Amino acid sequence: MTDPLDLPQRHLRTLEALILEHLPRVEVWAYGSRVNGGSHDGSDLDLVLRAPGLKPIPAEQLADFRSAVCESTIPCLVEARDWARLPERFQREIRRRHVRLALGT
């Protein structure tokens, strides 16, 4: 999808750096209110993490990423979920409307 993500560029750059550091080769999609136009300043940022082959991301690696995001300057709550651990129903909803983060561009 090509919808804009409601997140200031400086925070997006911080997020992208953390993803590249902690989750290399993982495709990241944003979904929810910051994609569908319903967000406000206090809205969280919903992310789904899609590892190569859609395999589960190791729990320690996921925890390290979540911790780094919490310690960052990103001012909103970032909810990061592993695609491989989501129910098919939830995956279908995310597929309908998401923004793929273009990392390293």
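This one's a predicted model, so the numbers in the text were calculated from it and none came from an experiment.
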With the side chain counted from C-beta on, respond yes when Cys76 and His11 share a heavy-atom pair under 4.5 Å apart, and no when they do not.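 Not in contact.
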Would you say the side chain of Glu93 lies within less than 4.5 Å of the side chain of Pro87, judging by non-hydrogen atoms? no
Output, in order, the C-alpha distance, side-chain angles, deciding distance and verdict of side chain to side chain contact (heavy atoms under 4.5 Å, CB included) for Trp83 and Ile94. CA-CA 10 Å; Trp83 181 265; Ile94 294 170; 4.0 Å; yes
[atom1] of [X] to [atom2] of [Y]: how many Å apart, nearest 0.5 Å?
X	Y	atom1	atom2	value
Arg81	Gln91	CZ	CD	13.0 Å
Leu23	Leu18	CG	CG	9.5 Å
Gln9	Glu16	CD	CD	7.5 Å
Arg10	Ile74	CZ	CD1	11.0 Å

Please report, to 0.1 Å, the donor-acceptor pairs under 3.5 Å made by any side chain of residues 42-54, with sequence neighbours excluded.
unit_1	atom_1	unit_2	atom_2	d
Ser43	OG	His40	N	2.8
Ser43	OG	His40	O	3.3
Arg50	NE	Glu27	OE1	3.2

Do the side chain of Ser39 and the main chain of Val35 share a donor and acceptor less than 3.5 angstrom apart? no
Any donor-acceptor pair under 3.5 Å from Asp82 side chain to Ile57 backbone: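 Between the backbone of Ile57 and the side chain of Asp82 there is a qualifying donor-acceptor contact (under 3.5 Å).
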Is there a path of hydrophobic side-chain contacts, each under 4.5 Å between heavy atoms, that joins Val69 and Leu77? no
In terms of the angle between their ring planes, are Tyr31 and Phe90 parallel, tilted or perpendicular, with boundaries placed at 30° and 60°? perpendicular
Please collect all salt bridge (Lys or Arg N to Asp or Glu O under 4.0 Å) contacts where either partner lies in residues 55-69, sequence neighbours excluded, each pair once. none
Could you pull out the closest heavy-atom pair between Leu5 and Ala30, with the gap in Å?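 Shortest heavy-atom separation between Leu5 and Ala30 comes out as CD1-CB, 3.7 Å.
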